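Notes to accompany the following structure.
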Amino acid sequence: MIYQQALSAPYTELSEEELASRARAARAALGDRVVVLAHHYQRPEVVTFGDFRGDSLKLAQLAATQEKADFVVYCGVHFMAESADILKRGSQQVILPDLGAGCDMADMAEADDVADAWDELVAVHPESDLLPVTYINSTAALKAFVGKKGGVVCTSSNAQRIVKWALDLGKRVFFFPDQHLGRNTCRSLGMSLEEMVLWDPEQTQGGLSDASVKEARVFLWKGHCPVHMMFSAKQVQALRARDRHIKVIAHPECAMDVVDLADEVGSTEFIVNTIAKSAPGSSWAVGTEMNLVNRIAAENPDKRVVSINPFMCLCGTMNRIDLAHLAWSLENLVAGRLENVISVEGEDRAFAKLALERMLEMSV
Ligand code: 13P
Ligand code: SF4
């Protein structure tokens, strides 16, 4: 259980302007000793502190190349900070400003449950025929399990390439934790729905018949992102009924019926770049977290950018990183206090690194 101590005064009492000015001063005092990585879903007032902004892949690649800084302050969620710690080159300390910044989807797959499911699959198939692929939105323990079994991590940017690689090896793929990324990716590779099955960890043998387990080419863990479940095909149809020129762009964590209707599908970085490069005057409906949709709208005043869901909300855990926690973290570093260090140790570190490095090798 990860626990974030409550901040106390002055952080609880300062105005946003005061917090921003203290964070700026601490950032300046640290100079080259700190690198701030910011995921695209971060709050507007936090994202401006990022030396780099990006999706999970870009930030993992950047974490693997920072050699100079003593500290990486990760404005994102826990699994991202863990990956940065595992991939770092030097002896940097990775700091997550609020330890409560987890990921609801990552919490849907415990390493022990996945290992139990694996044993059930191995009772039916030779282990050498199976290959585990974990979405980067997973704990380091789960990445370590994958690394130990010869598997690999993927992100929303490289899932297609990585799953294709596994299938081309003739393997049956066990994909977790996001059933939707897994399903959308396999469909984009031309696979039929009949070749994939949903593995429900709450049920014996995933709730599947002996015949399904024997025949399936892909096993999809029953996990999802609650944020991306808030988009529906009906909303897309309603938008198109009002504006027949509107283009729909969705993150692959969205359900299959939304992705099927979208004009473009890809990671947060892909969404940012695609809309930035589009023609002035174009209209976009976006299926991803709301901080990012608002930012894209603000940065593209010559285009109309809306959410697919008119009542869309933020990712609550990404939003745990606020100015108060950022100022607190940076000021702690200035004072030489190490708080909220994310560190993956021992066997987990070694095997998770293997699985992450396999991914990076396949992403160049
Ligand atoms: P990206 O890698 O596309 O940034 O996705 C991360 C994520 O958590 C999406 O919900
Ligand atoms: Fe996790 Fe969903 Fe938030 Fe992404 S948007 S960090 S998958 S809960």
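Model, not experiment: these values are computed from the prediction. Just so you know, residue 1 is the first one in the sequence shown, and it goes up from there. Read the numbers this way: they start at 1 and go in the same order the structure lists the ligands and their atoms.
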Just jot down the ligand 1 atoms closer than 4.0 angstrom to any heavy atom of Ser156, in number order. 1 (P), 2 (O), 3 (O)

Out of the candidates Lys303, Lys247, His245, only one should pair with Ser282 under the side chain to side chain contact (heavy atoms under 4.5 Å, CB included) rule; please name it. Lys303

Regarding Glu269 and His40, do their side chains bring together a donor and an acceptor under 3.5 Å, going by distance alone? yes

Spatial distance of atom CG (Asp263) from atom CZ (Arg240) [nearest 0.5 Å]: 4.5 Å

Answer yes when Arg183 and Asp178 have at least one side-chain N-carboxylate O distance shorter than 4.0 Å, and no when they do not. no

Side chain, backbone, both or neither: Tyr41 near ligand 1, heavy atoms under 4.0 Å: side chain

Nearest-0.5 Å distance, CD1 of residue Ile342 to CE of residue Met80: 13.5 Å

For Tyr41, the ligand 2 atoms whose distance to one of its heavy atoms is below 4.0 Å: 4 (Fe), 5 (S)

Hey, could you give me the OH/OG1 distance between Tyr135 and Thr185, rounded to the nearest 0.5 Å? 9.0 Å

With no hydrogens and no angle check, just 3.5 Å: does a side-chain donor-acceptor pair link Asp55 and Ser157? yes

Starting from atom 8 (O) of ligand 1, which protein heavy atom do you reach first, and at what distance in Å? Asn137 ND2, 3.1 Å

Part of His39 with heavy atoms under 4.0 Å of ligand 1, whether side chain, backbone, both or neither: side chain

Can you name the nearest heavy-atom pair linking Pro132 to Val146, along with the distance? O-CG1, 3.5 Å

Distance to 0.1 Å, residue and atom name: give those for the protein heavy atom nearest to atom 2 (O) of ligand 1. Ser56 OG, 2.7 Å

When you compare ligand 1 with Thr268, is there at least one nitrogen or oxygen pair between them that comes in under 3.5 angstrom? yes

With heavy atoms only and a cut-off of under 4.0 Å, state how Glu253 meets ligand 2: side chain, backbone, both or neither. side chain

Per-atom filter on ligand 1: closer than 4.0 angstrom to a heavy atom of Ser267 are 3 (O)

2.8 Å cut-off (strict), protein N, O or S atoms about atom 1 (Fe) of ligand 2: 1

Side-chain contact test, heavy atoms from C-beta onward, threshold under 4.5 Å: evaluate it for Tyr11 versus Leu323 and give yes or no. no

Counting from 1, what ligand 1 atoms have a heavy atom of His228 closer than 4.0 Å? 10 (O)

side-chain hydrogen bond (donor to acceptor under 3.5 Å, both in side chains) partner of Tyr41, chosen from Asn291, Thr317, Thr288: Thr288

Could you pull out the closest heavy-atom pair between Phe231 and Val258, with the gap in Å? O-CG2, 3.5 Å

Distance from Cys154 atom SG to Leu57 atom CG, nearest 0.5 Å? 10.0 Å

Nearest non-hydrogen protein atom to atom 7 (C) of ligand 1, with distance, is Glu253 OE2, 3.6 Å

Tell me, which protein residue and heavy-atom name are nearest atom 5 (O) of ligand 1, and how many Å apart are they? His251 NE2, 3.3 Å

